[in-house]
Number of protein chains: 2
Amino acid sequence: MTISTLSTREKIISAAAALFYGEGIRSTSVDAISAKAGITKRTLYYHFNSKDELVEAYLLSRDQPTLDLYKRWFEKTPGSVDKKIEGIFREFGLAAQSPKWKGCGFLRTSAELAGTPGHPAIQAGAAHKKKFEAWLRDILADGGIDAPDDAARKILVLLDGAASVMLVHRDATYVDAAGAVAATLASKAR
Amino acid sequence: MTISTLSTREKIISAAAALFYGEGIRSTSVDAISAKAGITKRTLYYHFNSKDELVEAYLLSRDQPTLDLYKRWFEKTPGSVDKKIEGIFREFGLAAQSPKWKGCGFLRTSAELAGTPGHPAIQAGAAHKKKFEAWLRDILADGGIDAPDDAARKILVLLDGAASVMLVHRDATYVDAAGAVAATLASKAR
DNA sequence: GTCTATAAGCCGATAGAC
DNA sequence: GTCTATCGGCTTATAGAC
């Protein structure tokens with residue numbers, strides 16, 4: 001998105017990401033993706049062997065941008081680590097109130113593809129969540145929190161739980177409640 | 001399932017529930033449901049006006065049985081409320097390790113249908129989650145826990161987070177970690 | 001590398017008989 | 001209330017020209 005001239009492959013992934021996230025995997029046809037990308041279906045199948053491969057590419061393309069977004073939310077909140085962790089939940093709750101927000105793409109894709117356990121996109125989702133958890137652990141360790149591995153794991157569950165409940169109720173007070181628990185987990189004195 | 005003679009409508013819902021849960025909503029065809037129910041597609045459309053109506057009926061049929069299951073898990077664990085709450089997570093983690101387990105049907109359906117916000121099945125899922133949260137609150141209030149509304153809400157997020165992460169990693173230690181946090185929330189001294 | 005055209009089959013839903 | 005038969009459209013993926 002930074003450079004106006006995208007390669008054909010990048011245009012395809014960008015179109016696929018928008019549709020897969022907005023409408024779901026099975027609800028999105030290869031026809032719709034190629035139309036949005038401004039190319040033909042045959043060209044799409046020149047760059048990707050199957051729709052499944054395209055789903056995997058979609059999640060791989062969202063890995064780093066998603067990590068960067070949470071990193072920004074963490075850094076923009078002033079104060080100690082627990083306040084910064086709570087800030088992540090606050091920012092997330094605000095973003096998730098928008099009608100454009102349709103849940104965590106990694107969790108939603110894993111949920112939709114749960115019937116086919118070996119799917120490469122599920123592995124891509126798992127890899128992203130592991131990276132996110134490792135980033136949380138590093139943050140907590142830098143802040144001098146005891147047992148950062150354990151705390152990171154618990155905060156990850158709270159964040160993914162907040163995203164899941166938010167998709168059902170569209171009520172940000174659940175996110176705030178989760179953030180309050182996460183803040184106590186990210187404070188040294190407990 | 002308790003009586004061997006199911007009505008046609010019940011046979012359809014039972015078949016639909018098994019396929020929707022096992023394979024997902026969009027991946028399940030009306031053809032497959034009628035075949036599994038042992039009736040023709042025309043008969044299915046005599047009892048239900050659309051596939052969407054059938055998806056809603058699937059979640060409505062799982063509401064009470066799901067509440068009963070968690071109630072049993074709570075009651076079978078001895079000790080104080082916090083131990084009983086932790087017992088729910090332990091039992092859930094054990095059940096979720098089975099390959100047959102494919103996540104929380106309510107959350108997975110909400111995730112797959114996130115592209116169509118007004119869908120009746122999403123409302124059915126939200127109603128179920130509200131009932132579950134109310135049951136948690138009553139349990140905590142009976143156990144003498146302070147601010148049971150707040151605690152119930154936080155434990156709900158932890159349980160749904162555990163279900164979501166479990167679907168990605170298939171690692172029950174995440175569920176145990178969530179259960180430990182829930183137990184502290186369900187103890188009077190905190 | 002991108003195009004037009006189409007294969008081969010599955011989709012949800014319906015008509016009309018009994 | 002259940003059946004057989006089928007509609008019209010959409011699905012992923014491919015063949016062959018340029």
Side-chain angles (χ1 to χ4, degrees), chain A residues 3-59 61 109 112-116 118-122 124, chain B residues 3-60 109 112-116 118-122 124:
Chain A
I3 301 170
S4 57
T5 51
L6 292 165
S7 71
T8 300
R9 188 188 156 87
E10 289 168 332
K11 278 194 292 187
I12 294 168
I13 293 178
S14 174
L19 290 167
F20 283 150
Y21 182 75
E23 311 291 336
I25 309 300
R26 287 286 308 232
S27 295
T28 297
S29 69
V30 178
D31 274 301
I33 295 168
S34 40
K36 190 178 179 72
I39 50 114
T40 64
K41 198 157 49 168
R42 190 62 188 88
T43 299
L44 185 148
Y45 276 106
Y46 173 81
H47 291 280
F48 297 92
N49 289 317
S50 66
K51 183 183 180 181
D52 285 340
E53 219 175 277
L54 198 46
V55 178
E56 182 189 15
Y58 149 53
L59 287 192
S61 80
T109 302
E112 188 168 351
L113 301 180
T116 54
H119 200 291
I122 295 181
Chain B
I3 301 170
S4 56
T5 51
L6 292 164
S7 70
T8 300
R9 187 187 157 89
E10 288 168 333
K11 278 193 293 186
I12 294 169
I13 293 178
S14 174
L19 289 168
F20 283 151
Y21 181 74
E23 311 291 334
I25 308 300
R26 288 286 308 230
S27 295
T28 297
S29 69
V30 178
D31 274 299
I33 294 168
S34 39
K36 191 178 178 73
I39 49 110
T40 65
K41 197 158 49 168
R42 191 65 188 85
T43 300
L44 184 149
Y45 275 106
Y46 173 81
H47 290 279
F48 297 93
N49 289 317
S50 66
K51 184 182 179 180
D52 285 341
E53 219 175 276
L54 200 45
V55 179
E56 182 189 15
Y58 149 54
L59 287 192
L60 290 175
T109 302
E112 187 167 352
L113 301 181
T116 54
H119 201 290
I122 295 180

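When reading the values below, keep in mind they use all heavy atoms of this one structure, side chains included, and skip hydrogens, waters and symmetry mates. Keep in mind that this is a model prediction, so the values were computed, not measured. First the proteins, then the strands, lettered A, B, ... as listed; each starts at 1.
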Whole-Å distance separating the [atom1] atom of [X] from the [atom2] atom of [N]:
X	N	atom1	atom2	value
F48(A)	dT14(D)	CZ	C1'	18 Å
H47(B)	dG12(C)	NE2	P	18 Å
L44(B)	dC3(D)	CG	P	11 Å
I12(A)	dT2(C)	CD1	C1'	11 Å
R9(A)	dG1(C)	CZ	P	12 Å
K51(A)	dT11(D)	NZ	P	8 Å
L54(A)	dT11(D)	CG	C1'	15 Å

From [options], pick the nucleotide closest to the side chain of [X]?
X	options	result
T43(A)	dT4(D), dA13(C), dT2(C)	dT2(C)
K41(A)	dC3(C), dT12(D), dT6(D)	dT12(D)
R42(A)	dC3(D), dT2(C), dT14(D)	dT14(D)
Y46(A)	dT2(D), dT2(C), dA15(D)	dT2(C)
Y45(B)	dT2(D), dT14(C), dC3(C)	dT14(C)

Working to the nearest 0.5 Å, report the span between [atom1] of [X] and [atom2] of [Y].
X	Y	atom1	atom2	value
R26(A)	K51(A)	CZ	NZ	6.5 Å
H119(A)	T109(A)	NE2	OG1	9.5 Å
I12(B)	Y46(B)	CD1	OH	11.0 Å

- Task: State, to 0.1 Å, how close F48(A) and A57(A) come at their nearest heavy-atom pair, and which atoms those are.
- Result: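 Taking every non-hydrogen atom into account, CE2-CB, 3.9 Å.
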- Message: Before you tell me yes or no, could you show the steps for V55(B) and L113(B) under side chain to side chain contact (heavy atoms under 4.5 Å, CB included), namely the whole-Å CA-CA distance, both residues' side-chain angles and the distance that decides it to 0.1 Å?
- Response: CA-CA 10 Å; V55(B) 179; L113(B) 301 181; 4.2 Å; yes
- Would you tell me if any nitrogen or oxygen in the side chain of T8(A) comes within less than 4.0 Å of OP1 or OP2 on dT2(C)?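 Answer is yes, contact under 4.0 Å.
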- Do any of residues 15-37 of chain B sit with a heavy atom less than 4.0 Å from DNA chain D, and if so which?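 By residue number: none to list.
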- Message: Reading DNA chain D from 5' onward, which residue's closest nucleotide shows up sooner: G38(B) or S50(A)?
- Response: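 Comparing both residues, the 5'-ward one is G38(B).
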- Verify, without hydrogens or angle tests, whether T28(A) (side chain) and L19(A) (backbone) share a donor-acceptor contact under 3.5 angstrom.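 Yes, T28(A) side chain to L19(A) backbone: donor-acceptor pair under 3.5 Å.
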- Item | Listed once per pair and sorted, the salt bridge (charged side-chain N to carboxylate O under 4.0 Å, His left out) pairs that draw on residues 33-49 of chain B, sequence neighbours left out |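 Found D31(B)-K41(B).
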